[in-house]
Structure formats: structure tokens, C-alpha cells
S.K.: 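Got a structure here, written out as C-alpha cells. Questions coming.
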Amino acid sequence: MRRLFPVTDQTSADQTDRAWSLDELAEAYEYPGLGPDGHWLRANMVSTLDGAAQHDGRSQPISNETDMRIFGTLRALADVVVVGAETVRQEGYRPARAREAFAARRAAAGQDPAAVIAVVSASLDLDFSLPLFASPLVPTLVLTGAAAPAGRVAEAVKAGAHVVVAGDGAGVDPARAVRELADRGLRRQLTEGGPRLLGQFVAADALDELCLTISPMLTAGDAQRISGGPSVTVPHRLAPACLLEEAGFLFTRYRRI
């Protein structure tokens, strides 16, 4: 990591031209203090300069090593990682893993060794033989609606997943999903998209924070941007909290005002 520019602090000499430790990254991205009923949903996304959230259907080609290091740090701080079914299929999602570098920090916070993965799906059109469902360190959750196909719900349960109903119809109510997770003690929440899921959280005014990597690339084409779906009547304004830079990549952090 080359530079760290906290919005409230002036960069000091020792914050330039060196790699940042995982502890320092964890402190830079620490969740805010939460009351007994509190929860905090942050999103982590990457975008090119011309607004593409993917290239050839995946985010990896527009990412870099430091972006993946922050990706791992954000997961290590979260109680739960919320992800859409299409992203699970496209990105080949695997269970979150326990990392020794964060073990003491997680234990002190009363967290499990690794974050829970929560997959949002109305149809439950998922391969339940994948390691994400068959061999996670902590059971994977499937967030769905009350009208989800009963046969697919049974398949998910048989595979070891925990099904959480977070909507009255086939789909998931984003605000209700946040509450359902918090009620299960999963209060430090992270979503990694995809764009349609993030758009639903934005439209429901359920997002508290956006961690956005701006990749110094141009792709043109018709790739999705970081959020899609229903629009909001009045754009939501966020406040900058932190800015990091390395090799032309900008790692930004914005919070709800």
C-alpha cells in the first residue's frame, strides 16, 4: 500500500511508499461501534474509470493484488458476507476461510473464526454440491422469500445450508434481510454484490457504507455498473471517510451521512 489519506488526518511521512500491514488495514476499515440493537451494512465493489463493474462477466480482470488484500481484510472483519446468487455462479464463490492474522481480533470481538456467507436467491437455482454449501467452516445461509420453491428449499437444507426467510413473496426484502441477519447476531455486514443486489440495498436505503475500488482502466462495452435495478427518488449522499492509493488504483470509503 503506497499511501493512506484518512479524511480527518493529514498524511504523515511514514504513511507513504511502504506496504501497509494487515493490522493497519483492519484499523483503517474497522466497523463503527454498534449499540446492542445496531447493525452496519457495507458494500465492497470495484469499478473501472468508465464505470464498468466487470469485464467478461467477472470483477477479477479489473482488480489487482492490493484490491484483493483489502477484499480479504473486509471479509475478516465481517460477521456475514451477503452475495447474490448470480455472483456466486459467476465468481465461483467458496466459503470464507479462517485467517490466523485476524484470529485474535475476531476472538476479541466475539466472532466466529470466519464470516458466514449468506446467498440471496429467489429461485434457489444453486449447486448445493459446491464447497460453499457442502464444506464451509460455518454453515452457509440462503436468504429467500416465503414463496421460494419448496423442493429447492429442501435441497438447501439437506446440503447443510440454513434457509432464512426474508420476504413475503418469492424474493427477498433487502431491509428485512439486514434485520434478519442482525437478529442472528450477524451485525457487521458486508455485501460483495453483484450489481443487482447492491442496487436493491441502495433503493431500500439499507446501505450504510460503500468501499469502492476505482481501477485505472477503461473497458467500454456494455458491462454493468456497480449497482443496478430500481432507482431512488432522491440520490443518496455519502461522506468520504478514507482514501488509499497504490499503482493508480484508488481505494475509497464512503459512509452514510
Side-chain angles (χ1 to χ4, degrees), residues 31 39-44 57-60 68 71-103 105-107 109-194 196-198 200-201 206:
Y31 278 84
H39 48 74
W40 188 266
L41 175 64
R42 67 168 36 142
N44 182 36
R58 301 179 65 239
S59 60
Q60 188 277 331
M68 296 308 298
F71 172 93
T73 299
L74 293 180
R75 278 195 164 198
L77 297 175
D79 296 327
V80 60
V81 178
V82 188
V83 62
E86 183 62 22
T87 298
V88 167
R89 291 188 287 264
Q90 290 286 343
E91 302 282 354
Y93 259 60
R94 298 183 64 84
R97 59 188 178 90
R99 299 180 60 186
E100 182 61 33
F102 296 97
R105 185 181 293 269
R106 291 188 68 86
Q111 295 173 295
D112 288 328
V116 175
I117 304 293
V119 183
V120 177
S121 178
S123 67
L124 277 72
D125 181 16
L126 298 161
D127 183 353
F128 294 115
S129 68
L130 293 176
L132 178 61
F133 302 101
S135 56
L137 186 62
V138 289
T140 295
L141 302 182
V142 176
L143 293 166
T144 193
R152 297 303 297 168
V153 170
E155 286 292 324
V157 173
K158 182 179 178 180
H162 293 184
V163 176
V164 178
V165 175
D168 294 331
V172 168
D173 176 338
R176 180 172 166 182
V178 169
R179 295 194 302 270
E180 291 285 350
L181 293 171
D183 288 346
R184 286 162 173 76
L186 305 173
R187 303 192 298 137
R188 302 173 189 89
Q189 301 168 0
L190 168 68
T191 181
E192 297 168 352
R196 185 170 65 175
L197 179 62
L198 178 55
Q200 292 170 351
F201 281 125

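We number each residue from 1, following the sequence as shown.
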S.K.: Taking A161's backbone N and O only, do any of them form a donor-acceptor pair with T140's side chain (distance below 3.5 Å, no angle check)?
M.R.: no
S.K.: Show the nearest heavy-atom pair for residues A118 and L181, with the distance to one decimal.
M.R.: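 Closest approach of A118 to L181, heavy atoms only: CB-CD2, 4.4 Å.
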S.K.: Using a cut-off of 6.0 Å, state whether more than 12 heavy atoms not belonging to R94 lie near its atom CZ.
M.R.: no
S.K.: List the atom of L137, the atom of A98, and the distance in Å for their closest heavy-atom pair.
M.R.: CD2-CB, 3.7 Å
S.K.: Enter the distance from R58:CZ to T87:OG1 here, rounded to the nearest 0.5 Å.
M.R.: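 Going from CZ on R58 over to OG1 on T87, the span is 11.5 Å.
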S.K.: I need the L74 CG to N44 CG distance, nearest 0.5 Å.
M.R.: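 Those atoms lie 5.0 Å apart.
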S.K.: List the atom of G84, the atom of L197, and the distance in Å for their closest heavy-atom pair.
M.R.: N-CD2, 3.4 Å
S.K.: Distance from L126 atom CG to F133 atom CZ, nearest 0.5 Å?
M.R.: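 Separation between the atoms: 4.5 Å.
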S.K.: Looking at E155 and R152, is any side-chain nitrogen of the basic one under 4.0 Å from a carboxylate oxygen of the acidic one?
M.R.: no
S.K.: In chain order, what residues pass the ring pair (Phe, Tyr, Trp, His ring centres under 6.0 Å) check against F71, with sequence neighbours excluded?
M.R.: none
S.K.: Calculate, to the nearest 0.5 Å, the distance between atoms CG and CG belonging to L141 and L186 respectively.
M.R.: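 The distance works out to 6.5 Å.
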S.K.: Looking only at heavy atoms, what is the nearest atom pair of S121 and A85, with distance?
M.R.: CB-CB, 3.8 Å
S.K.: Give the minimum heavy-atom separation between P95 and P131, together with the two atoms involved.
M.R.: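 Minimum heavy-atom contact is CG-O, 3.3 Å.
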S.K.: Tell me, with the steps shown, if V88 and E192 meet side-chain contact (heavy atoms from CB on, under 4.5 Å).
M.R.: CA-CA 10 Å; V88 167; E192 297 168 352; over 6 Å; no
S.K.: Does D183, at its CG atom, have more than 12 non-hydrogen atoms belonging to other residues, nucleotides or ligands within less than 6.0 Å?
M.R.: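 Check passes, neighbour count above 12.
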S.K.: Between D127 (side chain) and S129 (backbone), is there a donor-acceptor pair under 3.5 Å?
M.R.: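 Yes, D127 side chain to S129 backbone: donor-acceptor pair under 3.5 Å.
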S.K.: Give a yes or no on whether R89 atom CZ has more than 12 heavy-atom contacts from other residues, nucleotides or ligands under 6.0 Å away.
M.R.: yes
S.K.: Before giving the answer on side-chain contact (heavy atoms from CB on, under 4.5 Å), spell out for L130 and Y93 the whole-Å C-alpha distance, their side-chain angles and the decisive distance to 0.1 Å.
M.R.: CA-CA 9 Å; L130 293 176; Y93 259 60; over 6 Å; no
S.K.: Using side-chain contact (heavy atoms from CB on, under 4.5 Å), reason through V120 and T191 one step at a time and then give a plain yes or no.
M.R.: CA-CA 10 Å; V120 177; T191 181; over 6 Å; no
S.K.: Do you know the tightest heavy-atom contact between L143 and A166?
M.R.: CD2-CB, 4.4 Å
S.K.: Are any non-hydrogen side-chain atoms of R176 and V165 less than 4.5 angstrom apart?
M.R.: yes
S.K.: With no hydrogens and no angle check, is any side-chain donor or acceptor of Y31 less than 3.5 Å from a backbone partner on Q189?
M.R.: yes
S.K.: First locate atom CD of Q60, then atom CD of E91, and finally report the distance between them rounded to the nearest 0.5 Å.
M.R.: 8.5 Å
S.K.: Just by modelled atom types, is the E180 backbone N or O under 3.5 Å from a matching donor or acceptor in the R184 side chain?
M.R.: yes
S.K.: Under the 3.5 angstrom rule, does the side chain of R106 hit a backbone N or O of R99 as a donor-acceptor pair?
M.R.: no
S.K.: Would you compute the distance between atom NE2 of H39 and atom CZ of R179 and round it to the nearest 0.5 angstrom?
M.R.: 7.5 Å
